[in-house]
Structure formats: structure tokens, C-alpha cells
Amino acid sequence: MRATALTLGAFVLLSLALILGATALQIGLSKKESKWPGLVLPIIAFLLSLGYPLNMASAAGGVNAWTVLELLRAWLVGNIPTLLLLTIYFGCRKKQSRKK
């Protein structure tokens with residue numbers, strides 16, 4: 001029981017460090033003079049979000065309305081990180097344009 005709690009605690013700390021690191025990286029890239037470095041992480045997140053429904057579609061036996069709804073839901077949930085990264089990007093770019 002104790003080993004499970006330690007493993008869970010390590011997973012939570014590692015996940016938090018990964019999220020904070022990605023956020024700091026996105027802020028740093030978004031503040032660069034060129035607009036393209038700040039778009040790298042959102043593009044990667046979007047491409048990864050395409051993998052969720054494609055993986056589900058390959059495992060599904062047939063296509064019906066329920067399957068299409070599930071694929072759409074998986075794609076929308078998979079794009080939450082993309083939306084968060086784009087929010088950071090546009091927030092940093094807006095501050096930068098006000099300074100100019």
C-alpha cells in the first residue's frame with residue numbers, strides 16, 4: 001500500500017513539473033520577436049490530438065452515429081492543451097504589441 005502511495009505522489013510531482021515546464025517554455029517562445037517559435041507547441045499539441053480519434057477509429061468495428069460522436073468528443077478533449085497553449089501565446093503577443 002505504501003509503495004503505491006509513493007508511486008502516485010511521484011507521478012503527481014512529475015506531472016506538475018512537466019506542466020509547469022511546458023508553460024514556462026510556451027511563455028518564453030511566445031515572447032520572441034518572431035511569431036513562429038510560439039506556435040510550435042500548439043501545433044505539436046494539435047497534431048497529437050489527431051492521434052486520439054484516429055486510434056479509436058482503427059479499433060472501432062463499424063461506423064455509426066455513436067462512434068462519430070465518440071470520435072468528436074475524443075478530438076475535442078484532446079485539443080484542450082492546444083487551446084491552453086494558444087491562450088498563452090495570444091496573451092503574450094497582445095502584451096508585446098501594446099509595448100510597441
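Because only heavy atoms are used, hydrogens play no part in the values below, and waters and symmetry mates are left out as well, while side chains stay in. These figures come from a predicted structure and were not determined experimentally.
When the options Cys92, Pro37, Pro42 are evaluated for a side chain to side chain contact (heavy atoms under 4.5 Å, CB included) with Gln26, the one that passes is Pro42.
Applying the salt bridge (charged side-chain N to carboxylate O under 4.0 Å, His left out) definition to pairs two or more places apart or across chains, none involves residues 45-59. Identified under the salt bridge (charged side-chain N to carboxylate O under 4.0 Å, His left out) test for residues 78-87, with sequence neighbours left out: none.
With a 4.5 Å cut-off on side-chain heavy atoms, Leu41 and Ile88 do not count as touching.
Not a single donor-acceptor pair under 3.5 Å links the side chain of Asn55 to the backbone N or O of Gly51. Distance alone, capped at 3.5 Å, is enough to place a donor-acceptor pair between the Thr82 side chain and the Phe46 backbone. A donor-acceptor pair is defined here as one N or O able to donate and one able to accept, closer than 3.5 Å; no such pair exists between the side chain of Ser30 and the backbone of Ile27.
Counting side-chain heavy-atom gaps under 4.5 Å among Ile, Leu, Val, Met, Phe, Trp and Tyr, the cluster of Leu16 also holds Leu20. When hydrophobic residues (I, L, V, M, F, W, Y) are linked wherever their side-chain heavy atoms come within less than 4.5 Å, Phe11 remains an isolated member. Hydrophobic cluster of Leu48: the remaining members, joined at side-chain heavy-atom separations below 4.5 Å, are Val40, Ile44, listed by chain and number.
There is no path of hydrophobic side-chain contacts, each under 4.5 Å, that joins Leu8 to Leu13. By the rule that hydrophobic residues join a cluster once side-chain heavy atoms approach within less than 4.5 Å of another member, Leu39 and Leu47 end up as members of one cluster. Cluster membership check: Val68 does not share its hydrophobic cluster with Val77, using side-chain heavy-atom separations under 4.5 Å among Ile, Leu, Val, Met, Phe, Trp and Tyr. When hydrophobic clusters are built by joining Ile, Leu, Val, Met, Phe, Trp and Tyr residues whose side-chain heavy atoms come closer than 4.5 Å, directly or via intermediates, Leu86 is grouped together with Leu50. By the rule that hydrophobic residues join a cluster once side-chain heavy atoms approach within less than 4.5 Å of another member, Phe90 and Leu25 end up as members of separate clusters.
Across all non-hydrogen atoms, the minimal contact from Ser34 to Arg93 is O-NH1, 3.5 Å. In this structure, Pro53 and Leu71 approach most closely via the heavy-atom pair O-CD2, 3.2 Å.
With sequence neighbours excluded, the residues that form a salt bridge (charged side-chain N to carboxylate O under 4.0 Å, His left out) with Arg73 are Glu70.
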